[in-house]
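Scroll down for the structure; my scribbles are underneath it.
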Amino acid sequence: MQRWTPRRGDMVAAAVFTVGTQAEVWAGAVAGSPRPLLAATCLVGTVATAWHRIAPMAVLVIVLTALAVAPGALGADANAGFAWFVAALAVIVSAAYHARRPVVALAVTLGLLTGTVVLETGPVIADIAYACLLGTGGWLAGRTIASRTLRAELSEQRAALAEQEAQWRAGAAVIDERLRIARELHDVIGHSISVMTLHVGGVRRLLGPEHSEQRAALEAVERTGRETLAEVQRLLGVLRGFQLDDSVPAPGLAGAADLLEPARAAGICAQLTVSGDVRPLPAGLDLAAYRIVQEAVTNVLRHAAASRIDCSIEYGPAALELLVVDDGTTRGGTGRDGHGHIGMRERAALYGGTINLGPRAGGGYAVHVVLPISQPVMARADQGPP
């Protein structure tokens, strides 16, 4: 039922048209025909305009017949009224906009207007051409509005699709980076568990027969380690996607200087500064820090016209601080935010770190990362249970 209910604005417009045409008819502005019959036909035509969106072709026929053809057949002077002309023109524009077959709407319009002129003045070519010109103008106005509306809707759809695609690409980049991290952690965790298991097995073999309880405990630890290693390989091995060369050790900050070589080869002055208590880091953290510096330097080469890169690595008591600064400007006016930043954020978040990146006040770009260094608690060999 709601489908056939006109909008409130359309009903208001139909009421205005009705009041205007009725006022013109009963005030004598439209002469030459019986007023009650002319008022009735005008009432039908103006009331029907309320449904111009719902049934544009039917309303077009009804309105032009009631407001143009019928008054012409009754001998009314069409040039004497104004409200009916506005109502008819509005329906012609609406039919051109809403009709499924706008060309048919144009043909119906021209046919009814031609019939009106013939009934009023006879087959006068000039009058017919003038009426058809008015009808065609209204039809062209409706088609112009329809085409502009369609272009606006398509632009909104393209913008929405572009936003969805950007979100999808960002999500895919996060997933890809997490898979890459998982593959790297697979190697780090698997190597660590293997070393632990081998050490426990070595200690167990050094125990004498009199240490049966200690041997049993170490056997349990060794068995658990091997089972855990098997589970890690089974659960995380599927994330590898491709086989890495196990003979190549995982990179770390010890090779950070090599990351600046491509920049130097491109003619950029690159400087590395290492400060603090330089010491071995946990394998996963060392790898994450290396990848962050690598991505920061790569972003400079890809997106910035820089002449200098300053990279600093500071080993603090409880945190590792990374800073990569350049003096470049973004090429082509595009931003540097992309999948590389997603990867740096993911790696920093994995180890509970913080990352700040963006343009500097004095020009250039900076990537500042702080990664906590976990302090493993090692129990003393001679310390008994609490």
Side-chain angles (χ1 to χ4, degrees), residues 1-31 33 35-74 76-117 120 130-153 156:
M1 188 63 182
Q2 292 181 351
R3 180 178 180 274
W4 296 100
T5 302
R7 295 183 180 180
R8 182 174 301 177
D10 295 337
M11 290 190 290
V12 172
V16 172
F17 291 148
T18 300
V19 172
T21 55
Q22 293 300 312
E24 290 178 348
V25 170
W26 292 106
V30 181
S33 63
R35 290 184 182 179
L37 185 57
L38 181 60
T41 58
C42 290
L43 178 63
V44 172
T46 54
V47 170
T49 59
W51 282 266
H52 71 97
R53 299 177 191 270
I54 300 173
M57 288 297 299
V59 170
L60 177 67
V61 173
I62 293 172
V63 170
L64 291 183
T65 301
L67 298 182
V69 178
L74 294 174
D77 185 7
N79 296 324
F82 177 73
W84 78 267
F85 173 77
V86 175
L89 185 62
V91 170
I92 293 173
V93 174
S94 176
Y97 181 90
H98 292 103
R100 295 183 179 179
R101 296 178 176 86
V103 176
V104 176
L106 176 62
V108 170
T109 299
L110 297 181
L112 292 176
L113 292 179
T114 301
T116 301
V117 173
E120 290 182 356
Y130 179 71
C132 292
L133 181 63
L134 290 178
T136 305
W139 183 85
L140 290 176
R143 293 311 305 159
T144 301
I145 297 173
S147 62
R148 290 185 177 181
T149 303
L150 179 60
R151 285 197 296 268
E153 292 177 353
E156 292 179 358

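The shortest distance between side-chain heavy atoms of Thr149 and Tyr97 falls below 4.5 Å. Taking 4.5 Å as the limit, some side-chain heavy atom of Thr109 sits within range of a side-chain heavy atom of Leu64. Two residues are said to be in side-chain contact when any heavy atoms from C-beta on lie closer than 4.5 Å; Leu60 and Ile92 meet this criterion. The side-chain heavy atoms of Leu134 and Leu89, taken from C-beta on, include no pair separated by under 4.5 Å.
In this structure, Thr144 and Ser147 approach most closely via the heavy-atom pair O-OG, 2.8 Å. The minimum heavy-atom distance between Ala48 and Val59, with the atom names listed, is O-CG1, 3.4 Å. Contact between Thr49 and Ala14 at its shortest, heavy atoms only, is OG1-CB, 3.4 Å. Among all heavy-atom pairs drawn from Gly142 and Ala96, the shortest one is CA-CB, 3.9 Å. In plain terms, the two heavy atoms of Cys132 and Leu110 that are nearest each other are O-CD2, 3.6 Å. When all heavy atoms of Val108 and Val61 are compared, the closest pair comes out as CG1-CG2, 3.8 Å.
Every residue meeting the side-chain contact (heavy atoms from CB on, under 4.5 Å) condition with Ala39, not counting sequence neighbours, appears here in chain and number order: Gln22, Val25, Trp26. Scored by the salt bridge (charged side-chain N to carboxylate O under 4.0 Å, His left out) test, Arg7 finds no partners at all (sequence neighbours excluded). Contacts of Ser94 classified as side-chain hydrogen bond (donor to acceptor under 3.5 Å, both in side chains), with partners at least two apart in sequence or in another chain: His52, His98. Annotation: side-chain contact (heavy atoms from CB on, under 4.5 Å) contacts of Leu133 (sequence neighbours excluded): none. With sequence neighbours excluded, the residues forming a side-chain contact (heavy atoms from CB on, under 4.5 Å) with Ala99 are Pro56, Met57, Ala105, listed by chain and number.
Sorted by first and then second residue, the salt bridge (charged side-chain N to carboxylate O under 4.0 Å, His left out) pairs with a member in residues 136-148 form an empty list; sequence neighbours excluded.
Distance CH2/Trp51 to CG/Asp10: 10.0 Å, rounded to 0.5 Å. Residue Leu67 holds its CG atom at 10.0 Å from OG1 of Thr116, rounded to the nearest 0.5 Å.
Although no hydrogens or angles enter the test, the distance criterion places no donor-acceptor pair under 3.5 Å between the side chain of Trp139 and the main chain of Ala107. Thr65 contributes no side-chain N or O that, together with a main-chain N or O of Ile62, makes up a donor-acceptor pair within less than 3.5 Å.
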